[in-house]
Every structure is written in structure tokens, then in C-alpha cells.
Enquirer: 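The structure is given below, and queries will be raised subsequently.
This one's a predicted model, so the numbers in the text were calculated from it and none came from an experiment.
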Amino acid sequence: MTTRIALITGANKGIGFETARILGRGGATVLVGARSADLGEKAAAVLCGEGVDARFVPLDVTDARGVQDAAAWIGAEFGRLDILVNNAAITTTDAADPASSPPPSRVAPELVRAALETNVVGVVAVTNAMLPLLRRSPAGRIVNVSSNLGSLTALSAPSLPASLPNLLPYNASKTALNALTVAYARELAGTPVKVNSVAPGFCATDLNGHTGHRTPAQGAAVIASVALLDDDGPTGAYLTEDGRNPW
Ligand SMILES: NC(=O)c1ccc[n+]([C@@H]2O[C@H](COP(=O)([O-])OP(=O)(O)OC[C@H]3O[C@@H](n4cnc5c(N)ncnc54)[C@H](OP(=O)(O)O)[C@@H]3O)[C@@H](O)[C@H]2O)c1
């Protein structure tokens, strides 16, 4: 295959940055999506310094016009997209502030709306804008970066381990993201485009105040492997390092 073109949203830091690094070191041209021009340019520069072909793409997933502009630029520059990693996300929980993760009965609805806006609606906006470009790829791959916290099976288990906190805004957004994976995979069945969810595991990033026990690179390795699935790989699956996750 010719050089893969890979867009990673929220790639200026954390798991997204490491995913860009792995895919770039593997030979892909990586498009570093970031909502901050300063942070995005810096991240792309770091990768270029490592010999990766990295370009910054301004991309706030909640800015519909900006998303269309990004797709138009990618189309004009490359004519197609091979890999889309929907990585950008927020949590409404501050790891240092227990009051920021109240039980569902005390969650402010605006926190749920905010989580869904970025983590779900943003993914729909980016995916729909990029799909015409992904359809031009001989082996399009969409990876939705989900979480074990999106698993209804895990969250409805008789006892919830401390590693799976009952965070309504974030958890519900990742369950909804999994629903997107199933829906897009169904629409795209029979095409070369595969759509999968990945749970990268609990990685130390800004998202959780660096409390994760895995490195962002470990989480990114799972995402990159699913982004590079062979043609006989799964679609519409919810994958971890250890295989399929229960929905
Ligand atoms: N860390 C974990 O343990 C863990 C576990 C399971 C799943 N995940 C998932 O892994 C993905 C990456 O998370 P992370 O841990 O690497 O978190 P992170 O370090 O906080 O990175 C999140 C990235 O998303 C970007 N972002 C947020 N809102 C955005 C928007 N509206 N438009 C564009 N970019 C936006 C952030 O940009 P700014 O720098 O501008 O804020 C940042 O680049 C997320 O989908 C997360 O839910 C993480």
C-alpha cells in the first residue's frame, strides 16, 4: 500500500499524541488534529523532529464549520484518508476534586450535555465529514477511542470495582460512542471501511490527573494496531489489548 494518511483527533497530547507517534514511526503521514494551533503545531514539530511526516490540522470536534474545513483541506492535500482515530474527548471529572464526580442523582445535566457534545456528537461530525475521503481509501479504518467505562456489561456487574467509577457523563458518552461504532459498521458493511471501538486501558494522562497505571504509549499501541487491521480483521467490534470486550 502507498503511504497511509492518518488523522488523529486530539493528538496534541496523551494517548492521541502517542497514537500519532506510533502510526508515524510506522510510515504513515499523520495529521495531528488539535483545537489549539499552538499545541498542535508543537506536537507536530516534535514528531517531525523524530523523522515522522506530521502535519498539524486545526480541528475542534465541536466546531462544525472547522470540521468541514479540515475535511476540505485533507481532500485537497491528499485526496483520501486511510485512518481516522476519533480520540478527542473530555471528562467532566477533576481527579483532584471528588465533588466533580457526584452520583448520577446529583449530576448537573449540563455536564452530561458537555460530555456528549464532544465525545459523541463531535465524533459524528468528524466521521461524517471524513467518510467521503475514507471511502476513497482501499482499506479505510475508523477507530473510536472508547473506554472500559463504556461497557454496560461491566457497569451492570453485581459489584463495581473501584477501577470502574460510576461517572454518568463520561460513561454514558462512551456507551453512546460504542453505539456509534455498531451503527457505522453496519452501514459500511461490505465496503473496505472498518469501524471499531477500542478501550486503551487506564493510562496516566491529563484526563485522569495521571492516576492511570498504564502509559499513554501502551494505550496508543492498542489503538494503532486496530487502525492497521488487515482486510480480514473485525469490524463493529469493541477491542482491548486482550481481545473483544463485552458491550
Ligand atoms: N487515559 C485513560 O486512562 C483513558 C482510558 C480509556 C479511554 N481513554 C480515552 O482516550 C482518549 C484520549 O484521552 P487521554 O487520556 O489521552 O486524555 P487527554 O490527555 O486529556 O487528551 C485529550 C485530547 O482531546 C482533546 N480534545 C478535547 N476536546 C476537544 C475538542 N473539542 N476538539 C478537539 N480536541 C479536543 C484535548 O485537547 P486539549 O489539549 O486542547 O484539551 C487533548 O488533545 C479519550 O477518548 C479518552 O476518553 C482514556
Enquirer: Supply the atom-to-atom distance L111 CG to L167 CG, rounded to the nearest 0.5 angstrom.
Expert: 11.0 Å
Enquirer: Grab the two heavy atoms, one from P192 and one from P138, that are nearest each other, plus how far apart they are.
Expert: CB-O, 3.3 Å
Enquirer: Please enumerate all residues that pass ring-ring contact (aromatic ring centres under 6.0 Å, His included) together with Y238, with sequence neighbours excluded.
Expert: W247
Enquirer: Given side chains that start at C-beta, do those of R4 and L23 come closer than 4.5 Å, heavy atoms only?
Expert: no
Enquirer: Could you tell me which residues satisfy side-chain contact (heavy atoms from CB on, under 4.5 Å) with V222, sequence neighbours excluded, listed by chain and number?
Expert: V198, R214, E241
Enquirer: Taking N87 for its side chain and T9 for its backbone only, find out whether a donor-acceptor pair lies under 3.5 Å.
Expert: yes
Enquirer: Could you tell me whether D231 and R141 have a side-chain N and a carboxylate O separated by less than 4.0 Å?
Expert: yes
Enquirer: Specify the closest pair of heavy atoms between A129 and A71, including all atoms of both residues, with the distance to one decimal.
Expert: O-CB, 3.6 Å
Enquirer: Indicate yes or no: does R55 engage D53 in a salt bridge with an N to O separation below 4.0 Å.
Expert: yes
Enquirer: Any luck finding a side-chain donor-acceptor pair between N178 and S197 under 3.5 Å?
Expert: yes
Enquirer: Would you sort out whether L188 and V195 count as a side chain to side chain contact (heavy atoms under 4.5 Å, CB included), showing the intermediate values?
Expert: CA-CA 8 Å; L188 293 163; V195 191; 3.7 Å; yes
Enquirer: Using 4.0 Å as the upper bound for N to carboxylate O, is an ion pair formed by R21 and E18?
Expert: yes
